[in-house]
S.K.: 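Here it is, the structure in full.
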Amino acid sequence: QVQVVESGGGLVQPGGSLRLSCVASGSRFNFYKMAWYRRAPGNQRELVASITYSGNTEYADSVKGRFTISRDNAKNTVYLQMNSLEPEDTAVYYCNCNRLAYNYWGQGTQVTVSS
């Protein structure tokens with residue numbers, strides 16, 4: 001019944017910025033952890049950033065200082081502000097929402113960084 005929908009992806013030049021949004025609808029409860037993953041061509045899916053209900057965050061080393069994750073608990077929404085984008089950031093970005101043993105995934109949004 002929970003539906004996870006990402007938005008905000010697109011084409012951006014190196015050094016540019018994008019803000020991804022993820023809305024989890026249909027849930028009666030807040031999620032303990034919400035996170036962004038990405039998968040680039042030929043690569044495994046990797047964790048980009050995560051945030052707990054209380055606001056504790058974790059980032060992949062490759063994005064520290066450039067990306068910022070945040071959430072709105074009242075709206076079951078998580079954001080990923082991406083600055084100083086690099087071609088290596090090109091990937092499909094997926095939103096994950098976790099509560100107890102349940103994980104909900106979105107369909108992904110494409111981010112392409114190219115000049």
Side-chain angles (χ1 to χ4, degrees):
Q1 188 171 346
V2 174
Q3 185 175 12
V4 179
V5 180
E6 304 100 333
S7 62
L11 175 64
V12 65
Q13 293 184 337
S17 298
L18 286 173
R19 190 174 90 144
L20 306 183
S21 298
C22 170
V23 180
S25 62
S27 177
R28 295 171 56 88
F29 308 98
N30 289 115
F31 297 101
Y32 168 68
K33 181 177 288 186
M34 304 178 80
W36 288 95
Y37 291 77
R38 68 185 181 187
R39 185 168 186 170
N43 291 354
Q44 300 294 317
R45 183 184 65 189
E46 65 173 342
L47 176 65
V48 178
S50 66
I51 183 168
T52 67
Y53 183 87
S54 61
N56 292 326
T57 59
E58 295 183 351
Y59 296 93
D61 289 340
S62 60
V63 307
K64 288 181 179 177
R66 300 188 298 119
F67 291 10
T68 302
I69 190 170
S70 60
R71 63 185 287 171
D72 185 333
N73 292 329
K75 298 179 179 180
N76 277 336
T77 300
V78 62
Y79 307 94
L80 185 67
Q81 178 66 48
M82 305 185 295
N83 299 324
S84 302
L85 284 163
E86 305 168 352
E88 292 75 18
D89 296 316
T90 296
V92 178
Y93 285 71
Y94 298 92
C95 179
N96 174 266
C97 305
N98 167 263
R99 178 180 180 270
L100 300 177
Y102 297 94
N103 286 279
Y104 304 93
W105 293 89
Q107 293 296 309
T109 184
Q110 176 71 50
V111 172
T112 302
V113 185
S114 176
S115 60

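The shown structure was predicted, so the numbers you read here are calculated from the model rather than taken from an experiment. Residue numbers start at 1 and run along the sequence shown.
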S.K.: Run Phe31 and Val2 through side-chain contact (heavy atoms from CB on, under 4.5 Å) and show every step you take.
M.R.: CA-CA 11 Å; Phe31 297 101; Val2 174; 4.1 Å; yes
S.K.: Identify every side-chain donor-acceptor pair in residues 6-18 under 3.5 Å, counting partners at least two apart or on other chains, and give the distances.
M.R.:
| residue | atom | partner | partner atom | Å |
| --- | --- | --- | --- | --- |
| Glu6 | OE1 | Gln107 | N | 3.1 |
| Glu6 | OE1 | Gly108 | N | 2.9 |
| Glu6 | OE2 | Cys95 | N | 2.8 |
| Glu6 | OE2 | Gly108 | N | 3.3 |
| Ser17 | OG | Asn83 | OD1 | 2.9 |

S.K.: Mind checking the CD-CD1 spacing from Glu58 to Ile69? Nearest 0.5 Å is all I need.
M.R.: 10.0 Å
S.K.: Is the backbone of Phe29 close enough, under 3.5 Å, to the side chain of Arg99 for a donor and an acceptor to pair up by distance?
M.R.: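 No: the side chain of Arg99 does not pair with the backbone of Phe29.
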S.K.: Roughly how far, to the nearest 0.5 Å, is CD of Gln1 from OG of Ser25?
M.R.: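 Answer for the OG-CD pair, Ser25 versus Gln1, is 9.0 Å.
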S.K.: Tell me every residue that passes ring pair (Phe, Tyr, Trp, His ring centres under 6.0 Å) with Tyr79, counting only those two or more places apart in sequence or in another chain.
M.R.: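 Tyr79: no ring pair (Phe, Tyr, Trp, His ring centres under 6.0 Å) contacts found.
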S.K.: Shortest non-hydrogen contact from Gln110 to Val92?
M.R.: OE1-CG2, 3.2 Å
S.K.: Apply side-chain hydrogen bond (donor to acceptor under 3.5 Å, both in side chains) to Thr57 and list each qualifying residue two or more places apart in sequence or on a separate chain.
M.R.: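 Partners of Thr57 under the side-chain hydrogen bond (donor to acceptor under 3.5 Å, both in side chains) test: none.
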S.K.: Out of curiosity, Met82 CE to Thr68 OG1, how far, rounded to the nearest 0.5 Å?
M.R.: 11.0 Å
S.K.: Could you measure the distance from the OG atom of Ser70 to the CZ atom of Arg19? Nearest 0.5 Å is fine.
M.R.: 6.5 Å
S.K.: Decide whether Leu80 and Ile51 are clustered together by the hydrophobic rule: side chain heavy atoms of Ile, Leu, Val, Met, Phe, Trp, Tyr closer than 4.5 Å, transitively.
M.R.: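 Yes, one cluster joins them.
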S.K.: If I take atom SG from residue Cys97 and atom OH from residue Tyr32, how far apart are they, to the nearest 0.5 angstrom?
M.R.: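 Cys97 SG to Tyr32 OH: 14.5 Å, rounded to 0.5 Å.
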S.K.: With sequence neighbours left out, write down each residue that passes salt bridge (Lys or Arg N to Asp or Glu O under 4.0 Å) with Arg38, or none if nothing qualifies.
M.R.: Glu46, Asp89
S.K.: Do Leu20 and Val78 sit in one hydrophobic cluster, given that two such residues count as connected whenever their side-chain heavy atoms are within less than 4.5 Å of each other, even indirectly?
M.R.: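 Yes, same cluster.
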S.K.: Carefully, step by step, assess Ser114 and Thr112 under the rule side-chain hydrogen bond (donor to acceptor under 3.5 Å, both in side chains).
M.R.: CA-CA 6 Å; Ser114 176; Thr112 302; over 6 Å; no
S.K.: Taking all heavy atoms of Glu86 and all of Val113, pick out the closest pair and write down the distance.
M.R.: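 Taking every non-hydrogen atom into account, O-CB, 3.3 Å.
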S.K.: If you look only at pairs with a residue in residues 33-74, which of them pass as a ring-ring contact (aromatic ring centres under 6.0 Å, His included), with sequence neighbours excluded?
M.R.: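 Residue pairs passing ring-ring contact (aromatic ring centres under 6.0 Å, His included), neighbours aside: Tyr37-Trp105.
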S.K.: What's the separation between atom CE in Met34 and atom CG in Asn73, rounded to the nearest 0.5 Å?
M.R.: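 Rounded to the nearest 0.5 Å, the CE-CG separation comes out at 8.0 Å.
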S.K.: Applying disulfide bond (SG atoms under 2.5 Å apart), which residue pairs with at least one partner in residues 24-67 are found, sequence neighbours left out?
M.R.: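 Passing the test, one end in residues 24-67: no pairs.
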S.K.: Tell me whether Asp72 contacts the main-chain N or O of Asn76 through its side chain, where contact means a donor paired with an acceptor under 3.5 Å.
M.R.: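 No; zero donor-acceptor contacts below 3.5 Å.
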S.K.: Give me the atom names and distance for the closest heavy-atom approach of Val23 to Lys75.
M.R.: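 That closest heavy-atom pairing would be CG1-O, 4.4 Å.
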